[in-house]
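As a basis for the values below, the full set of heavy atoms in this structure was taken, side chains included, without hydrogen atoms, waters or symmetry mates. Labels below follow one simple rule: chain letters A, B, ... track the order of the sequence lines, proteins then strands, and each chain is numbered from 1. Quick caveat: nothing in here was measured; it's all calculated off a predicted structure.
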Number of protein chains: 2
Amino acid sequence: MRRTGDLKLIQELNRSIILDMIRKDGPLSRSEIAKRSNLSPTTVTTAVNDLIQDRLVSERGTGVSNGGRKPILLQFSPDNHYIIGISISNSKITIAEMNLEARIRCKEVYSTRGHTGEQVISYLLELIEYFINIINKPLDLCVGVSVITQGIVDSKNGVIRYNPKLKFENIPLKELIEQKFNIKTWLDNDTNAYILAEKHFGLFNHYENMIYITIGEGLGAGIIVNGTINRGHNGGAGEFGHTNISNEGIKCDCGNIGCIENYVCWPAVYSRILSSIARGKQTIMTELVHGDISQLTELNFVDALNKGDELAINVLEEMSTYLAIGLVNLVHLFNPQIIIFGGEITTNNPLLLQKVNQFVKERALTILYEDLQIQPSSLGKEFEMIGAASVLLQDKFQFKLTHTEEVVKG
Amino acid sequence: MRRTGDLKLIQELNRSIILDMIRKDGPLSRSEIAKRSNLSPTTVTTAVNDLIQDRLVSERGTGVSNGGRKPILLQFSPDNHYIIGISISNSKITIAEMNLEARIRCKEVYSTRGHTGEQVISYLLELIEYFINIINKPLDLCVGVSVITQGIVDSKNGVIRYNPKLKFENIPLKELIEQKFNIKTWLDNDTNAYILAEKHFGLFNHYENMIYITIGEGLGAGIIVNGTINRGHNGGAGEFGHTNISNEGIKCDCGNIGCIENYVCWPAVYSRILSSIARGKQTIMTELVHGDISQLTELNFVDALNKGDELAINVLEEMSTYLAIGLVNLVHLFNPQIIIFGGEITTNNPLLLQKVNQFVKERALTILYEDLQIQPSSLGKEFEMIGAASVLLQDKFQFKLTHTEEVVKG
DNA sequence: CTTTGTTTTTCCAATGATTTTATTAAGTTT
DNA sequence: AAACTTAATAAAATCATTGGAAAAACAAAG
């Protein structure tokens, strides 16, 4: 049922606005908040008192006077509550305790041991129990658990709808965790989490229309439209890897033909490299792995690129072209302000950016390319946990009005 | 600046909820509204009194008793205000007066006379002045003017950014109209308007994720994500016609190669028909136009299809395949609940639906196809004006909270 | 050092939207 | 006709906001 307006609502809204302001632009004084928000100084004072009571905000010294009483500065207190973030990937389960700024306090990584399906889930539940014991903090200070995983996720109901690699189908994970531990739980797709992380904690925040592309074992996209995640009807939106770039191409596991994922991902690149070597091409990559090409990693490939290896560059150019074709489609469909690349193959890889930029500039409508940025992720190593935290924080702290028009008067 | 919470806000919100309820589910009694909305009966009474005062709602007899006093039924009164809707297409300008349910009271169609650029705009302004004189109603009863046109439109600022066919570039139409007539003005892309029309007035409303595909001189898409139009950073989203389905194909005016628009639109179909005839193929289409194939219309083509004409069916199958490739991409990126077809070539054309459905079923991930509907538009002839009205109504009457979580308590 | 003026913050009464409680209106049922 | 139901309104209570006044804390001028 739609929420109706009452006094509680305006209070929550104003608290949320003020907290947001302190988080993003703090430290700030009460009077500064009042000026920026157009709320009365009185309202700000009472709201801030509540936030201090809730230990979300604290006073922190005074600022410089502007000719009168010194302002008391207020800052966000991220350390009085904690978040449990969980990432389930094909090979490992990561659990971390974080503060409200997604800073990691404690982290554990476990192998999935090749398990799939229900086995992974019951193992996960054990691990959570174990982890809660390790950190040994009052559960009422825990804002919640946030789980991210690959595949199609119904984040509204907290159900993993479909994850072929881990063999998940319709697993009500949110319910399972909430019932066992009595902690509010969030669940989302991993790429959605990463784009939220970029929005909240990356260098490229403030954008309302952005796309995150992750290149790794597969190819995925997280997409923000009008400031909210494009999830689609049942969480299946953003399956960029299964969009088509070639009608007569490789047949994909998904049933379609010519899915871009078969051209743009580490396995595709790797097999290109292997076949080139088999055809007798020279490359420093063989040296980088001391002759054992089966040990070649994405980092080696990027290393070779940056050393000017011809084979590597050729393979990259081919991949870049395929990728760019897909990106041009995304640009035409979403008109984003920024496209962000994630995945090891994209880090420290200026050539990729350059090639892709060039192609997109040639092929996209000028008006769509003008303001477009294409950048690598700015989050660093812990992007997975930051992503998990972002899912929770976005939902928990965001509270905004879609529309503020007055009802028409006669 | 973000709107803060105050008493006015909750009042507007509640009025809006109540008005919405009466519009969509009316006639309703006050007590029924109170039950459904969880607002107190008193609040409903005062809100309804305001709405009656504003002439947006009226009482209309009594309902059947449920064992006590008969309920007084309330209904939406769409006829006490009016909307001026305007559509600018390549060949014609349409202006209509409509009530708040997008029912047309007066409509005029003018040729653009082959004019372009500023000429069209100054002509348009003349036409509006003329039209206002014709209808001769108090301007304070006019909710606003809503203009829709092709091309890339910055609906937020009311600027036509780019329309190559009419040679518009950065025309601040909203400002021009508002300053000349002092009436609030909306501006949007035509396809966005059509999808909003389907959402508000079509058979397939209530959906939060939907796509409208229009096939005509070109190929366009209007896309609703999470209940709001996917406009992108500067209004350029939804350029479906310029997404790629073939890397080595026809070079498009836009600079890209293999844009779907060059395969799926009436001109493409028409030229296929011509070349087939030139190669000596037989078709009843020549008879339908009494031998003058240059007169062939989309309606003739559909007619031929429904009469089982082999050539027409072949051409349609080819187009359907290309279209479906693009649709599969859309399904993977947006996971919509429904795809709606507009344009003359799609009306009364079950074969198109069947072919497309079959292809999408084969190629899309099962989980994305399961709930998907593919349907022709349900709006009838006046879809353009209904679209224009919908843009205004969506913005004017929608007032909802994105999020209603409580701020975290310590 | 004192006075004056400024800025920041808080207190208090007033406003105005909601809700709760009570009342009136207008029925149905026995 | 009396008793019971339901619908709509009225009066009073609640509570988060605002505006104005007051208090706190400080800078600058004399």
Side-chain angles (χ1 to χ4, degrees), chain A residues 2-19 22 26-53 57-74 399 401 404 406-407, chain B residues 2-18 21-22 26-53 57-74 399 401 404 406-407:
Chain A
R2 240 174 109 171
R3 177 160 189 185
T4 52
D6 56 16
L7 292 174
K8 211 74 208 152
L9 178 84
I10 62 182
Q11 191 177 53
E12 282 174 35
L13 177 60
N14 290 337
R15 298 275 182 288
S16 175
I17 290 172
I18 292 170
L19 180 58
I22 297 173
L28 289 171
S29 70
R30 291 170 177 81
S31 83
E32 181 64 26
I33 294 169
K35 272 177 213 147
R36 291 193 191 192
S37 66
N38 259 350
L39 287 164
S40 72
T42 321
T43 304
V44 174
T45 291
T46 46
V48 164
N49 286 344
D50 278 13
L51 291 170
I52 289 174
Q53 183 85 40
V57 162
S58 59
E59 296 187 338
R60 179 248 219 165
T62 54
V64 291
S65 164
N66 298 316
R69 175 172 173 175
K70 284 183 186 168
I72 302 167
L73 295 180
L74 300 163
F399 189 118
L401 290 166
T404 56
E406 243 182 305
V407 169
Chain B
R2 239 173 109 172
R3 177 162 187 182
T4 52
D6 56 15
L7 291 176
K8 212 73 208 151
L9 178 84
I10 61 182
Q11 191 178 54
E12 282 175 34
L13 177 60
N14 289 337
R15 296 276 182 287
S16 173
I17 290 172
I18 291 170
M21 210 173 263
I22 295 173
L28 289 171
S29 71
R30 291 170 176 82
S31 84
E32 181 63 27
I33 294 169
K35 271 177 213 148
R36 292 194 190 192
S37 66
N38 259 352
L39 288 163
S40 73
T42 324
T43 306
V44 174
T45 291
T46 46
V48 164
N49 285 345
D50 278 14
L51 292 171
I52 289 174
Q53 184 86 42
V57 162
S58 59
E59 296 188 337
R60 179 250 220 166
T62 54
V64 289
S65 163
N66 297 317
R69 175 174 172 176
K70 283 183 184 168
I72 302 167
L73 296 180
L74 300 162
F399 188 121
L401 290 165
T404 57
E406 244 183 303
V407 169

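Nearer to the 5' terminus of DNA chain C, by closest-nucleotide assignment, is the contact made by A:Glu59 (compared with the other of A:Leu7 and A:Glu59). Position along DNA chain C of the nearest nucleotide to A:Asn49 versus A:Asp6 favours A:Asn49 as the more 5'-ward residue. Across the interface with DNA chain D, nearest-nucleotide mapping of A:Pro41 and A:Lys70 shows A:Pro41 to be the residue nearer the 5′ end.
B:Ser16 contributes no side-chain N or O that, together with a main-chain N or O of B:Glu12, makes up a donor-acceptor pair within less than 3.5 Å.
Rounded to an integer number of Å, the gap from CZ of B:Arg3 to P of D:dT17 is 14 Å. In this structure, A:Asn66 places its CG atom 21 Å from P of D:dA24, rounding to the nearest Å. The interatomic distance linking B:Glu32 (CD) with D:dA7 (P) rounds to 8 Å, in whole Å. One atom, CD1 of A:Ile72, and another, P of D:dA23, lie 18 Å apart when rounded to the nearest Å. For B:Gln11 and D:dT17, the CD to P distance is 17 Å, given to the nearest whole Å. Residue B:Leu51 contributes atom CG, which lies 16 Å from atom C1' of D:dA8 at whole-angstrom precision.
Here the CD-CG distance, from B:Gln11 to B:Asp6, works out to 10.0 Å after rounding to the nearest 0.5 Å. Separation of atoms CG (A:Asn14) and CZ (B:Arg3) is listed at 11.0 Å; rounding is to 0.5 Å.
Partner of A:Ile18 under the side-chain contact (heavy atoms from CB on, under 4.5 Å) criterion, chosen from A:Leu28, A:Leu51, A:Leu74: A:Leu51.
Residue A:Thr62 is out of contact with every strand shown, counting any heavy-atom pair closer than 4.0 Å. Residue-level contact check: B:Ser31 touches the backbone only, with heavy atoms under 4.0 Å from sugar-phosphate atoms and none from bases.
Nucleotides of DNA chain C that come within less than 4.0 Å of any heavy atom of chain B span, from the 5' end to the 3' end, C:dG16 to C:dT28.
With hydrogens and angles ignored, no donor-acceptor pair under 3.5 angstrom links the side chain of B:Ser65 to the base of D:dA7.
Closest to the side chain of A:Arg69, from the set D:dA25, D:dT14, D:dT17, is D:dA25. Distance from the side chain of A:Ile10 is smallest for D:dT17 among the nucleotides D:dA7, D:dT17, D:dT9.
Using a 4.5 Å cut-off on side-chain heavy atoms (C-beta onward), B:Pro71 and B:Arg30 make no contact.
Contacts of A:Ser65 classified as side chain to side chain donor-acceptor pair (under 3.5 Å), with partners at least two apart in sequence or in another chain: none.
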Ignoring hydrogens and angles, write down the donor-acceptor pairs under 3.5 Å from the side chains of residues 39-47 of chain A, residues two or more places apart or on other chains.
{"residue": "A:Ser40", "atom": "OG", "partner": "A:Thr43", "partner atom": "N", "Å": "3.2"}
{"residue": "A:Ser40", "atom": "OG", "partner": "A:Thr43", "partner atom": "OG1", "Å": "2.8"}
{"residue": "A:Thr45", "atom": "OG1", "partner": "A:Pro41", "partner atom": "O", "Å": "3.2"}
{"residue": "A:Thr46", "atom": "OG1", "partner": "A:Thr42", "partner atom": "O", "Å": "3.2"}
{"residue": "A:Thr46", "atom": "OG1", "partner": "A:Thr43", "partner atom": "O", "Å": "2.9"}

